[in-house]
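If you scroll down you'll find the structure; I have some questions about it.
Labels below follow one simple rule: chain letters A, B, ... track the order of the sequence lines, proteins then strands, and each chain is numbered from 1. Note that this is a predicted model, so its numbers are computed, not measured. Atoms considered below: every heavy atom in the structure, side chains included; atoms not considered: hydrogens, waters and symmetry mates.
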2 protein chains.
Amino acid sequence: MEYTIQKIANLAGISTRTLRHYDSINLLKPIRINSSGYRIYGENEIDKLQQILFFRELGFGLDTIKELISKKDFDPLYALYHHKQKLLEKKKQLDLLIETVDKSIAEREGKIRMTDQEKFAGFKKQMLHENEKQYGTIIREKYGAETVEKSNQKLLNMTEEEYLKVTKLAEDIQVKLAEAKRLGDPASVEAQEVAAMHKRWLSFYWAGYSKEAHRGLAQMYVDDPRFAKYYDAQEPGSAAFLRDAIFIYTGKTK
Amino acid sequence: MEYTIQKIANLAGISTRTLRHYDSINLLKPIRINSSGYRIYGENEIDKLQQILFFRELGFGLDTIKELISKKDFDPLYALYHHKQKLLEKKKQLDLLIETVDKSIAEREGKIRMTDQEKFAGFKKQMLHENEKQYGTIIREKYGAETVEKSNQKLLNMTEEEYLKVTKLAEDIQVKLAEAKRLGDPASVEAQEVAAMHKRWLSFYWAGYSKEAHRGLAQMYVDDPRFAKYYDAQEPGSAAFLRDAIFIYTGKTK
DNA sequence: CTTGACATTGACGTTACGTTAAGGTATATA
DNA sequence: TATATACCTTAACGTAACGTCAATGTCAAG
């Protein structure tokens with residue numbers, strides 16, 4: 001099926017302006033432009049739009065959505081599982097809100113009392129922290145094709161806020177690491193700062209932080225060419241330098 | 001209990017900037033400012049903020065929220081009932097979305113097929129029209145103190161979009177009615193246009209439109225001094241003029 | 001007495017569109 | 001064949017609800 005802009009807008013319950021906007025920011029391009037300059041959308045665009053709307057519904061910004069779905073290894077099926085999980089969480093929160101309404105009604109009718117805390121239960125985006133003790137599959141399974149996949153999946157399970165934080169942190173580490181490397185001393189304040197950042201970064205993916213595991217990962221950075229390549233990209237020898245810094249940071253000179 | 005800005009922000013899970021914003025637009029003012037110029041919030045503000053957040057959660061704009069809760073006859077208890085109903089509707093929609101995810105997963109796994117329509121079920125703010133056949137209590141109960149209350153309650157049951165539309169329509173009617181009245185002829189194009197607008201307006205509150213009922217209401221506008229006063233405010237004699245126009249519009253010269 | 005965590009008022013920035021404006025295109029009907 | 005109507009286009013400014021500085025003041029603890 002081919003759709004003009006208004007047909008697809010009606011189908012999805014959005015405005016034509018929104019579709020033009022998505023076109024202009026390269027989030028969703030029509031499959032082709034006809035001889036009159038009209039946008040024409042096809043089946044693939046339908047599915048892509050659906051994904052976009054799911055992410056949007058879950059509070060992701062358009063920039064983030066674009067990043068996610070345009071990745072070469074974007075997996076629509078896995079994304080759908082992600083959506084389901086997140087929608088279920090949202091539903092839980094809605095239930096909490098409804099409970100808060102019920103309580104507030106009962107309070108107004110003089111039946112019960114509420115603390116000020118209780119009056120806002122369900123509004124706060126509850127700490128996923130507590131009930132989401134992700135355990136560190138990364139190291140435990142050693143590395144391999146799976147490892148990288150798994151950690152990408154963890155990305156999808158983050159809120160947008162977390163996602164932005166963690167990707168920014170990763171970038172910062174790259175930059176600071178290259179700077180520190182140029183100074184040459186893995187015991188320097190700069191290098192130790194990088195090691196600390198790396199610990200924070202690791203904690204995103206991996207709840208059970210321990211010095212031993214941190215060191216193991218650091219060594220892996222050197223041994224595994226894929227990781228080494230990533231860290232050496234900005235400045236050669238960075239992977240080894242980072243390992244040394246982390247070894248010192250975790251209290252082991254070598 | 002008294003709260004500083006950050007305490008209340010943490011309590012409610014919002015930012016201090018948001019609270020300052022609400023202050024500056026007169027949506028939520030602190031109970032007092034202390035000697036250092038700090039905002040201090042009290043119990044009443046807590047409850048008011050809760051109401052604000054409920055409305056916000058339901059997609060109401062801050063302007064609209066301000067209008068609603070600052071009305072002298074704002075009823076917090078009734079509002080809570082409203083919130084509950086709307087939250088339950090929202091939950092229904094979420095269930096629909098989750099169903100859409102499930103189906104989409106099944107489709108990707110080759111188990112079922114989906115139409116393009118189905119792929120977007122749950123995104124569209126479903127027509128409340130269908131399952132919300134409000135019946136016309138206004139006329140049926142004749143008028144009285146209750147009548148006005150009931151129709152105000154209907155306002156709370158509208159989405160923001162509807163609310164804005166209906167209030168704007170009411171204003172437009174006022175203006176156009178005064179203009180048409182000055183022309184003098186209730187059969188004129190202008191007057192008939194007003195009658196048509198009035199029908200649209202009425203349909204917002206009252207699903208079971210009929211010419212008889214429309215005429216009944218028009219007569220009531222003249223007979224009831226409260227209504228007459230409202231319509232005669234801009235231009236004296238407008239209530240009677242409107243009645244005449246509606247009588248003609250509904251096909252009864254007198 | 002200074003440090004750090006609070007608070008204040010501007011004021012400009014951002015996101016995701018809404019909303020004209022000015023105009024080209026397709027099709028049904030007079 | 002004309003014209004009305006319902007589409008479509010780009011361009012550009014508008015808006016809502018804050019986020020994010022910057023510059024500065026206040027308060028409690030060590």
Close approaches to DNA chain D from residues 26-35 of chain B, in residue order (heavy atom, under 4.0 Å):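 Going residue by residue through residues 26-35 of chain B, none turns out to have a heavy atom under 4.0 Å of DNA chain D.
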Atom-to-atom span, CD1 of Ile14(B) to C1' of dG19(D) - whole angstrom: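 Atom-to-atom, Ile14(B) to dG19(D), this comes out as 14 Å.
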Polar side chain donor-acceptor pair, Lys7(B) to Asn10(B), under 3.5 angstrom: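 Their side chains do not contain a donor-acceptor pair, so the 3.5 Å distance test is not met.
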Nearest-Å distance for atom pair CG/P, residues Asp63(B) and dA17(D):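 Taking CG of Asp63(B) and P of dA17(D), I get 6 Å after rounding.
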dG19(D) OP1/OP2 closer than 4.0 Å to side-chain N/O of Ser15(B):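 Answer is yes, contact under 4.0 Å.
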Length of the OH-P vector between Tyr41(A) and dC8(D), whole Å: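 Spelled out: OH on Tyr41(A) to P on dC8(D) is 10 Å.
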Between P of dA11(D) and CG of Asp23(A), the distance in whole Å: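 One finds 12 Å between P of dA11(D) and CG of Asp23(A), rounded.
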Closest-nucleotide ordering on DNA chain D, the 5'-leading residue of Arg20(A) and Thr16(B):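 Looking at DNA chain D, the more 5' nearest nucleotide goes with Arg20(A).
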Phosphate-side-chain proximity, Arg17(A) and dT15(D), N/O vs OP1/OP2 below 4.0 Å: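 For dT15(D), OP1/OP2 do not have a side-chain N/O of Arg17(A) under 4.0 Å.
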Atom-to-atom span, NE2 of His21(B) to P of dC18(D) - whole angstrom: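 For the pair His21(B) NE2 and dC18(D) P, the rounded distance is 6 Å.
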Salt-bridge present (Arg32(A), Glu2(A); N to O < 4.0 Å):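 Judged by the 4.0 Å cut-off on N to carboxylate O distance, Arg32(A) and Glu2(A) do form a salt bridge.
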Whichever of Tyr22(A) and Lys7(B) has its nearest DNA chain C nucleotide further upstream toward 5':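 Residue closer to the 5' terminus by nearest nucleotide: Lys7(B).
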Length of the line joining Lys66(B):NZ and dA16(D):P, which is rounded to integer Å: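 Spelled out: NZ on Lys66(B) to P on dA16(D) is 11 Å.
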Plane angle bin for Phe55(A) and Phe74(A) - parallel if under 30°, tilted between 30 and 60°, otherwise perpendicular: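 Taking Phe55(A) first and then Phe74(A), their aromatic rings sit tilted (interplane angle of 30° to 60°).
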Salt bridge flag under 4.0 Å for residues Glu45(B) and Lys48(B):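 Between Lys48(B) and Glu45(B) there is no salt bridge, as every charged N stays at least 4.0 Å from the carboxylate O atoms.
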Contact summary for Arg113(B) and Glu107(B), nearest pair of heavy atoms: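 That would be CA-CG, 4.1 Å.
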Heavy-atom donor-acceptor pair, Lys90(A) side chain to Glu57(A) backbone, under 3.5 Å: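 At least one qualifying donor-acceptor pair exists.
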Start and end of chain A contact along DNA chain C [non-hydrogen atoms, under 4.0 Å]: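 Contacts span dA16(C) to dA26(C), reading 5' to 3'.
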Thr16(B) side chain to Gln6(B) backbone, donor-acceptor under 3.5 Å: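 Flag not set: sc Thr16(B) to bb Gln6(B) has no pair under 3.5 Å.
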Contact under 4.0 Å: Ser36(B) side-chain N or O vs dC27(D) OP1/OP2: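 Yes, such a contact exists.
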Interatomic distance, Arg56(B) CZ vs dA17(D) P [rounded to whole Å]: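 Answer to the nearest Å: 10 Å.
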Donor-acceptor side-chain pairing of Glu89(B) and Gln85(B) below 3.5 angstrom: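 Yes, side-chain donor-acceptor contact under 3.5 Å.
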Length of the CG-C1' vector between Leu53(B) and dA17(D), whole Å: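 Taking atom C1' of dA17(D) as the reference, CG of Leu53(B) is at 13 Å.
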Sugar-phosphate only, base, or nothing, as touched by Ile5(A) at under 4.0 Å among non-hydrogen atoms: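 Sugar-phosphate, no base atom in range.
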Lys/Arg N to Asp/Glu carboxylate O, Asp116(B) vs Lys119(B), below 4.0 Å: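 Salt bridge: yes.
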